[in-house]
> 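Here you go, one structure.
The basis for the numbers below is simple: all heavy atoms, side chains too, and nothing from hydrogens, waters or symmetry mates.
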Amino acid sequence: MANPYGDIELSDPRAMRALAHPARLKILSRLQRHGPSTATALAALVGISPSVASWHLRHLASFGLVRDAQAGSDGRQRWWEAVARGFRLAMPDDEEGWQAFRLLSSQMMLQYEHLPRQWIHDVEPLLDAPWSTRGGLSNTRITVTAGELDRIEDAIEGVLAPYVVRADGQMAADARGVRLLRYVLPESAPDEAMSNASSGDSSAAARFEDR
């Protein structure tokens, strides 16, 4: 698949297992989203001690996911930054790699499972109508081959890429952050999928509007 965001591509099972730790995922996500920080500041956000945060950061650095940052450095604290905006997984070709891939994929899913509920309770009530009505859920089921699914994902990323990689100075004054959660959940067996389709469970899209 294409990589229009310039993400780091992980193929080493050791790196996948290292990143599968919940605290490391949170640390990396924070650096990717908010920029350089120190172990002390990250520790408070993640709920661990600064020494443990430093250990996690060094571990992430050993796999090329974070590095020393110059921004904000005063010589008394060590600042860290993410090497890239994001990362993506390359499918390993052995059993050890496959298990590491599954472990990290599962942790990534679990890391963000709270976000829709948090948005409903904490964010949506504060939005004005133009933004509130644009938030919601799209739940679409399709029947495709693995290759077709790859092409769909590539097309979606192609649409999003210009907005992901543009600099802050290129954004309009009224722009704001929008998180797009896209779960891709293949079903367990083709024959089961065909059975569901013939019984009326066809492709459908629904927007969550029960405010």
> Are the side chain of S29 and the backbone N or O of L25 linked by a donor-acceptor pair below 3.5 Å?
no
> For Y112 versus M108, what's the shortest heavy-atom pair and its separation?
CD1-O, 3.3 Å
> Taking all non-hydrogen atoms of both residues, which atom of W131 and which atom of V178 are closest, and how far apart?
CZ3-CG2, 3.8 Å
> Applying the 4.5 Å side-chain criterion to the ILVMFWY set and letting contacts propagate, would V46 and V52 be lumped into a single cluster?
yes
> With heavy-atom distances below 4.5 Å as the criterion, would you say the side chains of L19 and F87 are in contact?
yes
> Which atoms form the tightest heavy-atom contact between G64 and V83, and what is the distance?
O-CG2, 3.3 Å
> Would you say Y163 and Y5 are hydrophobically clustered, going by side-chain heavy atoms of ILVMFWY under 4.5 Å?
no
> Assess whether side-chain contact (heavy atoms from CB on, under 4.5 Å) is satisfied between R78 and D68, documenting all intermediate values.
CA-CA 7 Å; R78 188 175 184 180; D68 286 304; 2.6 Å; yes
> In Å and rounded to the nearest 0.5 Å, what is the CD to CG distance from E113 to L181?
11.5 Å
> Given the rule that I, L, V, M, F, W and Y join up when any side-chain heavy atoms are under 4.5 Å apart, are L185 and L115 in one cluster?
yes
> Which heavy-atom pair separates I142 from V144 by the least distance, and what is that distance?
CD1-CG1, 3.7 Å
> So which of E153, E9, E157 actually passes salt bridge (Lys or Arg N to Asp or Glu O under 4.0 Å) with R88?
E157
> Taking the cut-offs as 6.0 angstrom to the six-membered ring centre and 45 degrees off its axis, would you call R24 and F63 a cation-pi pair?
no
> Give a yes or no on this: more than 12 heavy atoms of other residues, nucleotides or ligands lie within 6.0 Å of atom CZ of R14.
no
> Verify the distance criterion only: is there a donor paired with an acceptor across the side chains of S51 and S49 at less than 3.5 Å?
yes
> I'd like to check H59 versus I27 (side-chain heavy atoms, cut-off strictly below 4.5 Å). Are they in contact?
no
> How close do L10 and A15 get, heavy atom to heavy atom, and via which atoms?
CD2-CB, 4.3 Å
> Membership question, hydrophobic clusters at under 4.5 Å side-chain separation (ILVMFWY): are L103 and W98 in the same one?
no
> Quick one: CH2 on W80 to OG on S37, what's the gap to the nearest 0.5 Å?
12.0 Å
> Distance from L149 atom CG to D154 atom CG, nearest 0.5 Å?
9.5 Å
> Please tell me if the side chains of V184 and I152 come closer than 4.5 Å, counting only heavy atoms from C-beta onward.
no
> How about K26 and I48: do any of their side-chain heavy atoms sit closer than 4.5 Å?
no
> With side-chain contact (heavy atoms from CB on, under 4.5 Å) as the criterion, how do L57 and L31 come out once you've worked through the C-alpha distance, each side chain's angles and the decisive distance to 0.1 Å?
CA-CA 11 Å; L57 284 161; L31 292 175; 4.0 Å; yes
> Nearest 0.5 Å, please: how far is OG1 in T40 from CD in Q77?
5.0 Å
> For R117, look at atom CZ and say whether over 12 heavy atoms of other residues, nucleotides or ligands are found less than 6.0 Å away.
no
> With no hydrogens and no angle check, is any side-chain donor or acceptor of R85 less than 3.5 Å from a backbone partner on V164?
yes
> For the atom pair CG (L28) and CZ (R30), what is the distance rounded to the nearest 0.5 Å?
13.0 Å
> Do I8 and L160 sit in one hydrophobic cluster, given that two such residues count as connected whenever their side-chain heavy atoms are within less than 4.5 Å of each other, even indirectly?
no
> Working to the nearest 0.5 angstrom, can you tell me the gap between Q118 CD and R179 CZ?
9.0 Å
> Testing R17, M16, E96 for side-chain contact (heavy atoms from CB on, under 4.5 Å) with F101, which one passes?
M16
> Do Q99 and E95 meet the criterion of a side-chain donor-acceptor pair at a distance under 3.5 Å?
yes
> Please find the pair of heavy atoms, one from P125 and one from I120, that lie closest to each other, and give the distance.
CD-O, 3.4 Å
